[in-house]
Student: 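So that we are looking at the same thing, I have put the structure below in structure tokens.
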Amino acid sequence: MIDLRLLREHPEVVRSAYAKRGGVRGMDRVIELDEEYRARLREVEELRAEHNRASKAIGQSPPEQRPQAIAQAKALADRLKNTEPALEELTVTLDTAAAYLPNLPHESVPPGMSEDDNVVEREVGGAPELDFEALDHVALGERLGIFDGDRAVKTSGSRFVYLLGAGVMLELSLVRFTMDLLVEQGFTPIVPPVLVRKHAMYGTGFFPADEFEYYRVDADDLYLTGTSEVSIAAMRSDEILASEELPLRYAGFSSCFRREAGTYGKDTKGLIRVHQFDKIEQFSFAHPARSWDEYERIRANQEHILQALEIPYRVLVMCAGDLGSGAAKKVDHEAWLPGARRYLELTSATNATDYQARRLQVRTREEGGTKLVHTLNGTACAVSRTIVALLENHQRADGSVGIPRALQPYTGFDEIRPP
RNA sequence: GGUGGGGUACCGAAGUGGCCAUAACGGGAUCGCCUCGAAAGCGAUUGAGGGUUCACGCCCUCCGCGGGUUCGAAUCCCGCCCCCACCGCCA
């Protein structure tokens with residue numbers, strides 16, 4: 001949800017922001033509806049005031065005057081009953097229409113309509129020099145015996161995987177390495193619930209648009225979260241945060257569940273696209289005046305991690321048309337996979353500004369009132385995809401895979417060899 | 001799984017049809033007085049959202065949520081959501 005007051009008072013600001021994505025249909029309709037709504041609201045409130053006065057007068061009037069006073073109040077009550085439904089209807093129409101308006105893209109977001117207009121801002125690390133034929137992560141993982149997708153089909157179906165042996169140690173090491181780094185940056189580690197109520201999915205904006213993407217536990221009417229962002233953001237809903245405690249930084253570690261509906265036949269083997277994976281996510285509640293600094297901090301952490309793991313990557317800035325509805329800016333880091341000879345999205349960082357906070361009602365106290373906070377999220381380490389990138393980039397001719405130096409204190413070994 | 005109890009402001013809590021909604025009472029917080037300083041004591045302040053106005057202000061809504069009865073609902077009726085306690089089971 002965007003700020004209707006801004007739209008009302010400065011429609012030209014909203015219009016020019018939306019122009020970057022080729023305009024937003026429905027914007028003018030919302031302006032009209034808002035105007036109609038307020039006109040009708042004034043009408044109803046005036047009636048209510050009159051009715052309140054009439055009702056109150058009854059209690060104080062002498063008994064012989066009561067029948068007349070009651071009749072008078074009743075007439076007003078009837079008029080209200082005839083007027084109020086139209087207001088309610090307008091409220092719903094307005095809210096529904098307004099909910100479709102996407103967040104305003106930040107000034108630094110490139111214009112564009114689709115993913116073709118996304119901008120590669122930088123490439124870091126370059127492709128590694130391999131003097132042998134590089135294998136993709138599926139071949140490497142099978143040879144090393146660190147994951148087993150074929151048997152996971154027996155127990156759970158496609159797109160599930162058993163992680164085994166050194167693969168597990170690698171995961172645990174990545175988790176601890178990432179957590180240590182984030183704690184140093186002022187993030188509080190958190191393991192959130194992965195089953196949440198429906199309102200948490202709505203509040204964070206994943207519902208209703210992407211409802212089909214998530215698992216539902218029918219018997220209890222709970223949903224499996226696709227990212228810890230959901231439970232972390234919803235944790236502070238309906239709260240007014242003290243401005244001294246902002247930014248509130250959380251490093252969430254959880255399993256993530258995605259149905260991957262509509263992706264049949266894409267990345268069916270291996271770890272790239274699985275229904276269940278573990279991820280460490282950065283999430284910040286920031287003061288609205290300082291959220292872009294916070295955004296840069298989150299992005300810097302992402303790059304720091306990729307560099308420490310010696311994974312070559314490129315920085316992809318999403319254009320206005322490819323932002324989704326809640327994001328004011330979104331930047332991805334895509335790792336180069338020498339085996340698969342393609343780029344793979346490893347992290348994504350979003351500043352939702354006040355869009356998500358408005359739904360969740362997370363505010364802070366300001367001089368003379370309250371103000372919505374800004375919410376930001378950014379992947380720190382999506383474990384399975386990070387393992388993919390590590391395997392492909394650190395593979396050697398003899399089939400072994402090296403462990404980057406920064407990770408070795410955590411793994412306790414410096415390479416993984418075929419058994 | 002069984003049986004009860006409960007959702008009122010920052011927290012606890014009273015309120016069973018108008019005299020109880022900024023909302024009793026207690027606590028907390030903030031400011032002031034007192035003090036060398038503090039504690040204690042005394043005094044004052046302390047919810048959110050919305051409409052309207054240049055402004056002072058005025059008005060509307062909110063007692064878990066949604067309906068109903070009534071001139072009038074925290075209070076009566078119906079439906080839903082959520083929380084807690086005890087027993088049973090359980091890593």
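We name chains A, B, ... by the order of the sequence lines, and we start the count at 1 in each one.
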Student: So does A:R365 get a side-chain nitrogen or oxygen closer than 4.0 Å to the phosphate oxygens (OP1/OP2) of B:A48?
Tutor: yes
Student: How long is the line joining CG of A:D221 and P of B:C80, in whole Å?
Tutor: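 So the two atoms are 14 Å apart, to the nearest Å.
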Student: Quick one: list whatever passes ring-ring contact (aromatic ring centres under 6.0 Å, His included) with A:Y410, sequence neighbours left out.
Tutor: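 If we apply the ring-ring contact (aromatic ring centres under 6.0 Å, His included) test to A:Y410, skipping adjacent residues, the hits are A:F177.
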Student: Which residues in residues 73-90 of chain A have at least one heavy atom lying under 4.0 Å from any atom of RNA chain B?
Tutor: A:A73, A:K74, A:A77
Student: What pattern of brackets, bars and dots sums up RNA chain B from 5' to 3', given Watson-Crick or G-U wobble pairs under 3.5 Å, [ ] for crossing pairs and | for another strand?
Tutor: ((((((((.[[[..)..(......]]]((((((.......))))))((((((....)))))).[[[[[..)....]]]]])))))))....
Student: Round to a whole Å and report the spacing from CG of A:D34 to C1' of B:U52.
Tutor: 14 Å
Student: Should we count CD of A:E184 as having more than 12 external heavy atoms under 6.0 Å?
Tutor: no
Student: In whole angstrom, give the distance that lies between atom CD of A:E43 and atom P of B:U52.
Tutor: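 Atom CD in A:E43 sits about 14 Å away from atom P in B:U52.
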Student: Do A:H333 and A:L306 come close enough that some side-chain heavy atom pair is under 4.5 Å?
Tutor: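 A side-chain contact exists here, since the closest heavy-atom pair is under 4.5 Å.
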Student: Any non-hydrogen side-chain atom of A:K329 less than 4.5 Å from a side-chain atom of A:P105?
Tutor: no
Student: Is a salt bridge present between A:R38 and A:D34, judged by a nitrogen-to-oxygen distance below 4.0 Å?
Tutor: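 Salt bridge: yes.
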Student: What is the separation between atom CG on A:L222 and atom C1' on B:C81, rounded to the nearest whole Å?
Tutor: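 It works out to 13 Å between those atoms.
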Student: Taking the side chain of A:A49 as its heavy atoms from C-beta onward, which of B:G72, B:C59, B:G50 lies nearest to it?
Tutor: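 Of B:G72, B:C59, B:G50, B:C59 is nearest to the side chain of A:A49.
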Student: Could you tell me how far apart A:E46 (CD) and B:C59 (P) are, to the nearest whole angstrom?
Tutor: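 Nearest whole value for this atom pair: 13 Å.
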Student: Can you measure A:N52 atom CG to B:C58 atom P for me and round it to whole angstrom units?
Tutor: 16 Å
Student: Just the rounded figure in Å: distance from P of B:G49 to CZ of A:R38.
Tutor: 18 Å
